[in-house]
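Down below is the structure, laid out as structure tokens.
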2 protein chains.
Amino acid sequence: MMEKLCLQNTLRILQSADQIKARLSGDFASVHGLSVNEVLLLMHLAQAPLNRLSRVELAKRMHMSASTITRMAAPLEKIGLVSRQADTRDARLAFVVLTKPGLEKEKEARATFAKQATHVFRDRWTQKDLEQLSILLHRLTADAPGDLT
Amino acid sequence: MMEKLCLQNTLRILQSADQIKARLSGDFASVHGLSVNEVLLLMHLAQAPLNRLSRVELAKRMHMSASTITRMAAPLEKIGLVSRQADTRDARLAFVVLTKPGLEKEKEARATFAKQATHVFRDRWTQKDLEQLSILLHRLTADAPGDLT
DNA sequence: CACGTTTACTTGCATGCGCAAGCATATTGC
DNA sequence: GCAATATGCTTGCGCATGCAAGTAAACGTG
């Protein structure tokens, strides 16, 4: 019985995530010219101390491989939203650091993110509902690195 | 205030989905030699009438493009889990239909899916918690086609 | 200090996916 | 009945991503 509920819940989470991504994808592309993952990368940087993270740390928080971070950072650096910053102590580290335009862009993107998020939970969601869902989901994501919230 | 909650919830859903996919991906690959999406495709077919769906219908339910379905079905057909079935009325339609081995495979995969799903919700989840989460998520996915549950 | 091991990053290759175009068939309007 | 349009599927192309291998630098152990 509980097994069926677990299966159902995981399926619904996957389904919801697909819908949300599809919704975000449209606005991010047309309004900011960025992909969902690029915006998430900026958001991770924005909440990090000094607005910078190493590539491996970024990879962990975004659940992606380090190579993907390398390749994602390149175009963002080219358009000036992030820059590369070496560490004086450890020459292996290459931080990805948010530039001022990048910080600005992140603020805008976060705003449209929030707007779309409220649209996902249309009218019939009370604050109590939202809080309850938040608490339940938090139990799933509590142990994950970089909560972004 | 509610806006922050909405943003937080969407972020947590995305995060949860990533974790779940990562968890499933490992077992599906090692135990059954299939990807997450391939298993989901089999599950969609298994719950469809006559265990068959047209490619566009499958695409809608999986939130993917029709071309992806075409390419995903090819290897599954090669290993005998699905087969192609033309429609006598409409020569354009090419159903993807689950074979007997495919149905068997789907049962096995669904079992490991359920096992991993219960593992996602470890110990501290009561049946009431799970039901509540299920209800809340259902409000997000209610209008989507092909619920799989 | 020297050598092996670990860590951070990059690059080559293969895969999965979407979009746009193409093709065949069905449906609609006249 | 025929042309115009719509629908279902496939294919070519490009992009994003993971994995494995390679490189450079830090660390540990003798």
Side-chain angles (χ1 to χ4, degrees), chain A residues 14 17-19 21-26 28-30 33-42 48 52-79 82-97 145, chain B residues 14 17-19 21-30 33-42 45 48 52-79 82-97 145:
Chain A
L14 293 180
D18 277 349
Q19 290 179 218
K21 267 196 216 162
R23 186 183 286 274
L24 292 175
S25 169
F28 285 167
S30 61
L34 296 173
S35 72
V36 176
N37 280 340
E38 285 172 331
V39 170
L40 288 175
L41 190 151
L42 296 182
R52 80 215 232 293
L53 286 171
S54 78
R55 280 155 159 76
V56 290
E57 189 55 35
L58 217 36
K60 277 180 203 157
R61 302 196 185 194
M62 299 191 62
H63 301 119
M64 289 170 37
S65 73
S67 56
T68 301
I69 300 295
T70 292
R71 288 192 248 260
M72 229 190 308
L76 291 176
E77 192 175 343
K78 184 153 283 187
I79 61 178
V82 305
S83 67
R84 166 184 295 254
Q85 189 179 71
D87 188 323
T88 54
R89 311 286 187 81
D90 190 338
R92 294 171 304 178
L93 268 66
F95 287 106
V96 182
V97 51
Chain B
L14 293 180
D18 277 349
Q19 290 178 219
K21 267 196 217 162
R23 186 182 285 276
L24 291 176
S25 168
D27 265 27
F28 285 167
S30 61
L34 296 173
S35 73
V36 176
N37 280 339
E38 285 172 332
V39 170
L40 288 175
L41 189 151
L42 296 183
L45 290 179
R52 79 216 231 295
L53 286 171
S54 77
R55 281 155 159 76
V56 290
E57 188 53 37
L58 218 35
K60 276 180 204 158
R61 302 196 184 194
M62 299 192 61
H63 301 118
M64 289 169 38
S65 72
S67 55
T68 301
I69 300 295
T70 292
R71 288 192 248 259
M72 228 190 309
L76 291 176
E77 191 175 343
K78 184 151 285 186
I79 60 178
V82 305
S83 67
R84 166 184 295 254
Q85 190 178 71
D87 189 323
T88 54
R89 310 286 187 82
D90 190 337
R92 295 171 303 178
L93 269 66
F95 288 106
V96 183
V97 50

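To find a chain, count down the sequence lines: A is the first, B the second, and so on, and within it residues start at 1. Predicted model only: the values in this text are computed from it and were never measured.
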[X] [atom1] - [N] [atom2] separation (whole Å):
X       : N      : atom1 : atom2 : result
B/His63 : C/dC17 : NE2   : P     : 15 Å
A/Met64 : C/dG16 : CE    : C1'   : 15 Å
B/Lys21 : C/dG16 : NZ    : P     : 14 Å

Would you mind reporting whether [Y] and [X] have side-chain heavy atoms less than 4.5 Å apart?
X       : Y       : value
B/Val56 : B/Leu93 : no
A/Met72 : A/Met64 : yes
A/Asp18 : A/Leu14 : no
B/Met62 : B/Thr68 : no
A/Arg84 : A/Arg55 : yes

Minimum-distance pair of heavy atoms, taken over all atoms of A/Leu53 and A/Ala48: CG-CB, 3.6 Å

Shortest non-hydrogen contact between B/Val96 and B/Ala73, atoms and distance: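 Closest approach of B/Val96 to B/Ala73: CG2-CB, 4.4 Å.
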
For A/Glu57, give me all partners under salt bridge (charged side-chain N to carboxylate O under 4.0 Å, His left out), at least two apart in sequence or on another chain. A/Arg61

Bounds of contact between DNA chain D and chain A, in 5' to 3' order, using a heavy-atom cut-off under 4.0 Å: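 First and last nucleotides in contact are D/dT17 to D/dA26.
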
Not counting sequence neighbours, which residues clear side chain to side chain donor-acceptor pair (under 3.5 Å) with B/Thr70? List them please.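 Once residues adjacent in sequence are excluded, B/Thr70 has no partner under the side chain to side chain donor-acceptor pair (under 3.5 Å) criterion.
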
Who passes side chain to side chain donor-acceptor pair (under 3.5 Å) against B/Asp87, sequence neighbours left out?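 Side chain to side chain donor-acceptor pair (under 3.5 Å) list for B/Asp87, sorted by chain: empty.
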
Return a single string for nucleotides 3-9 of chain C, one symbol per nucleotide in 5' to 3' order, where B is base contact, S is sugar-phosphate-only contact and - is none, cutoff 4.0 angstrom on heavy atoms. ----BSS

Protein-nucleotides 12-14 of chain C N/O pairs under 3.5 Å:
residue : atom : partner : partner atom : Å
C/dG12  : O6   : A/Arg71 : NH2          : 2.4

